[in-house]
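Report on the following structure.
Note that ligands are numbered from 1 as they come in the structure, with each ligand's atoms numbered from 1 the same way. Bear in mind that the values here come from a model prediction, so they are computed numbers and not experimental data.
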Amino acid sequence: MKISTNYPITQGELEGRVVLVTGANRGFGRAMTLDLAKAGASVIMLGRDLGSLETTYDEVVDAGFKEPILYPLDLEGATPEHYQQLQADVLDSFGKLDGLIHNAGIIGTMMPIEQYDLKLWYSTMQINVNAPFMLTQCLIPALNKSADGRILFLSSSVGRDARAYWGAYGVSKFAIEGLSKTLSEELEKTNIKTNTLDPGRIRTKMRQIAYPAENVENNPTPESLAPAIVYLMSEKSKPLNGEQLTLES
Ligand SMILES: NC(=O)c1ccc[n+]([C@@H]2O[C@H](COP(=O)([O-])OP(=O)(O)OC[C@H]3O[C@@H](n4cnc5c(N)ncnc54)[C@H](OP(=O)(O)O)[C@@H]3O)[C@@H](O)[C@H]2O)c1
């Protein structure tokens, strides 16, 4: 299903909603943080680099948007105890969570499976699959306290149709699609809606690593795509559950 990126953000439409974004410091996560805060959501900005988290925090505050919350955490090293602490912190501060956006990820390397570096395979699976699984598991109770909860996994075309040499990244996105679909069935009778989103090409560092020779100017900016994320966190997207979404640019 295609989602329009021309969603008109109304200031205050996400007022009272609490949304956690992983990888909120830069790239697509930064752009969605700005738009979610513009729409009035309290954004919990999770990332591993405090300096760039603070830079994005300053941008949000300087723009006069809803003040976000910084949550420094490295998803590669985080343990179930870190996620339990995160759940306790979210419930202490807000008493609920309305949106969980699994945006952080790494590309790994382009290589045949036969030669794929084992250490990089483990890192990619830890950040792209195991961390979203643990984070989701710990935060379902907080999402259950929302009247209208959302879990959104950032996926990719290579996680829906296999492509040679995309290695751990492609396999991790297939796993995310499976995790999302399973959750959407398990949570069907709750207020939590679970979907995946393939954003298509985005002008970010990840895209540059994957396609170093291409002209980046031809790729949509993260800012041009982020309004769709506000829609996906709003009550208007409530009917969507268990969908494989794609952005229409
Ligand atoms: N760009 C595209 O064309 C494209 C296409 C399809 C799907 N996607 C998906 O869209 C999402 C966002 O991608 P992007 O293009 O914005 O990528 P990006 O520019 O490379 O940003 C990735 C984000 O993930 C964070 N991250 C990586 N490892 C982490 C860790 N161990 N702990 C915490 N945070 C970590 C990064 O933080 P640091 O700054 O600390 O590294 C950064 O904030 C990803 O899930 C990606 O797979 C992107």
Side-chain angles (χ1 to χ4, degrees), residues 3 5 20-35 43-57 59 68 70-79 82-83 86 100-110 119-120 122-135 151-161 163 166-177 179-180 195-212 214-226 228-229 232 244-247 249:
I3 300 293
T5 56
L20 189 150
V21 177
T22 67
N25 55 313
R26 65 175 174 87
F28 197 29
R30 170 190 162 276
M32 64 178 80
T33 293
L34 278 153
D35 274 358
V43 182
I44 303 171
M45 299 174 58
L46 189 151
R48 63 181 164 181
D49 178 48
L50 185 58
S52 47
L53 274 176
E54 285 175 341
T55 303
T56 301
Y57 171 95
E59 284 182 88
L70 297 183
Y71 208 95
L73 188 67
D74 184 339
L75 295 175
E76 188 167 4
T79 62
H82 289 102
Y83 297 115
L86 172 57
L100 174 55
I101 305 180
H102 296 287
N103 165 77
I106 62 168
I107 191 87
T109 185
M110 301 287 162
K119 198 164 173 291
L120 197 51
Y122 270 90
S123 295
T124 309
M125 289 301 169
Q126 188 67 14
I127 295 165
N128 293 10
V129 183
N130 298 336
F133 156 67
M134 288 188 275
L135 192 52
I151 303 173
L152 184 67
F153 295 94
L154 268 293
S155 185
S156 167
S157 57
V158 297
R160 294 176 183 172
D161 290 308
R163 207 174 305 156
W166 281 73
Y169 179 80
V171 174
S172 74
K173 295 300 188 184
F174 268 100
I176 280 301
E177 293 287 345
L179 176 60
S180 176
N195 299 288
T196 61
L197 175 70
D198 167 18
R201 297 172 290 123
I202 325 176
R203 199 186 302 172
T204 63
K205 190 171 161 189
M206 182 181 281
R207 178 78 193 183
Q208 254 183 294
I209 294 170
Y211 296 92
E214 80 178 358
N215 180 358
V216 295
E217 301 293 323
N218 293 333
N219 295 330
T221 62
E223 292 75 20
S224 68
L225 306 177
I229 303 296
L232 291 171
Q244 292 184 307
L245 308 170
T246 307
L247 288 188
S249 39

Nitrogen or oxygen atoms of Ile202 and ligand 1 under 3.5 Å apart: yes
- line: Counting heavy atoms under 4.0 Å, the part of Met206 that contacts ligand 1 is both
query: Under 3.5 Å between some N or O of ligand 1 and some N or O of Thr204?
result: yes
message: Show me which atoms of ligand 1 lie under 4.0 Å from any heavy atom of Gly27.
response: 16 (O), 19 (O)
message: Any heavy atom of Pro199 closer to ligand 1 than 4.0 angstrom?
response: yes
- prompt: Is there a heavy atom of Ser155 sitting under 4.0 angstrom from any atom of ligand 1?
  reply: yes
Ligand 1 atoms in contact with Ile106 (distance to a heavy atom under 4.0 Å): 27 (C), 28 (N)
- prompt: Got the closest protein heavy atom to atom 43 (O) of ligand 1, with its distance?
  reply: Asn25 OD1, 2.6 Å
field: Contact with ligand 1 for Gly200, non-hydrogen, under 4.0 angstrom
entry: yes
message: Under 4.0 Å from a heavy atom of Glu76: which atoms of ligand 1 are those, numbered in the order shown and with their elements?
response: 31 (N)
message: If you take the nearest heavy atom of each of Leu53, Asn219, Leu225, Leu154, which one is closest to atom 10 (O) of ligand 1?
response: Leu154
query: Who's the nearest protein heavy-atom neighbour of atom 47 (O) of ligand 1, and how far?
result: Tyr169 OH, 2.5 Å
- prompt: Can you check whether Leu120's main-chain N or O pairs, donor with acceptor, with Ser123's side chain at less than 3.5 Å?
  reply: no
message: I'd like to know if the side chain of Arg207 and the backbone of Ile202 have a donor-acceptor N/O pair within less than 3.5 Å.
response: no
query: Using 30° and 60° as the class limits, which term best fits the ring planes of Tyr211 and Trp166: parallel, tilted or perpendicular?
result: tilted
message: I'd like to check which ligand 1 atoms, numbered from 1 as shown, lie under 4.0 Å from a non-hydrogen atom of Ile127.
response: 28 (N), 31 (N)
query: Counting heavy atoms only, which of Gly105, Ser52, Ala104 comes nearest to atom 22 (C) of ligand 1?
result: Gly105
- request: Specify the closest pair of heavy atoms between Gly108 and Thr124, including all atoms of both residues, with the distance to one decimal.
  value: CA-OG1, 3.7 Å
Nitrogen or oxygen of Arg26 less than 3.5 angstrom from that of ligand 1: yes
query: What do you reckon, does Arg203 put a non-hydrogen atom under 4.0 Å from ligand 1?
result: no
task: For ligand 1, find out whether one of its N or O atoms is nearer than 3.5 Å to an N or O atom of Leu75.
output: yes
statement: ligand 1 to Phe28, heavy atom cutoff 4.0 Å, flagged ligand atoms 16 (O)
query: Which one of Leu73, Thr22, Asp49 has a non-hydrogen atom at the shortest distance from atom 33 (C) of ligand 1?
result: Leu73
field: Element-labelled atoms of ligand 1 that are located less than 4.0 Å from some non-hydrogen atom of Arg207
entry: 1 (N), 3 (O)
task: Answer yes or no: is there a donor N or O on one side and an acceptor on the other, between the side chain of Arg201 and the main chain of Pro220, under 3.5 Å?
output: no
task: Could you tell me which atoms of ligand 1, counted from 1 in the order shown, lie closer than 4.0 angstrom to a heavy atom of Arg201?
output: 3 (O)
- prompt: Is there side-chain contact between Met110 and Arg163, with at least one heavy-atom pair below 4.5 Å?
  reply: no
message: Donor-acceptor pair, distance only, cut-off 3.5 Å: does the side chain of Arg160 make one with the backbone of Ser155?
response: no
- request: Using a 4.0 Å heavy-atom cut-off, say whether His102 meets ligand 1 through its side chain, its backbone, both or neither.
  value: neither
task: Would you check the N or O atoms of Ala24, main chain and side chain alike, for any that come under 3.5 Å of an N or O of ligand 1?
output: no
message: Looking at non-hydrogen atoms alone, which of Asn103, Asp74, Leu46 comes nearest to atom 45 (O) of ligand 1?
response: Asn103
- line: Applying side-chain hydrogen bond (donor to acceptor under 3.5 Å, both in side chains) to Tyr122 and not counting sequence neighbours gives none
query: Short question: side chain of Ser156, backbone of Asp198 - any donor-acceptor pair under 3.5 Å?
result: no
Which residues share a side chain to side chain contact (heavy atoms under 4.5 Å, CB included) with Leu50, sequence neighbours left out: Glu54, Leu70, Pro72
field: Shortest non-hydrogen contact from Tyr83 toward Ala78
entry: OH-CB, 3.4 Å
field: Thr22 vs Leu154 side-chain heavy atoms within contact, under 4.5 Å
entry: no
- prompt: Looking at Leu75, Asn25, Val21, Leu53, which one forms a side chain to side chain contact (heavy atoms under 4.5 Å, CB included) with Leu46?
  reply: Leu75
message: Check this for me, if you would: do Glu59 and Arg30 make a salt bridge, where the nitrogen-to-carboxylate-oxygen distance has to be below 4.0 angstrom?
response: yes
- request: Before signing off on this row, confirm whether Arg48 and ligand 1 have an N or O atom pair separated by under 3.5 Å.
  value: yes
- request: Can you see which heavy atom on Leu232 is nearest to which on Leu245, and at what distance?
  value: CD2-CD1, 3.7 Å
- prompt: Going by distance only, is there an N or O of Gly23 that falls short of 3.5 Å from an N or O of ligand 1?
  reply: yes
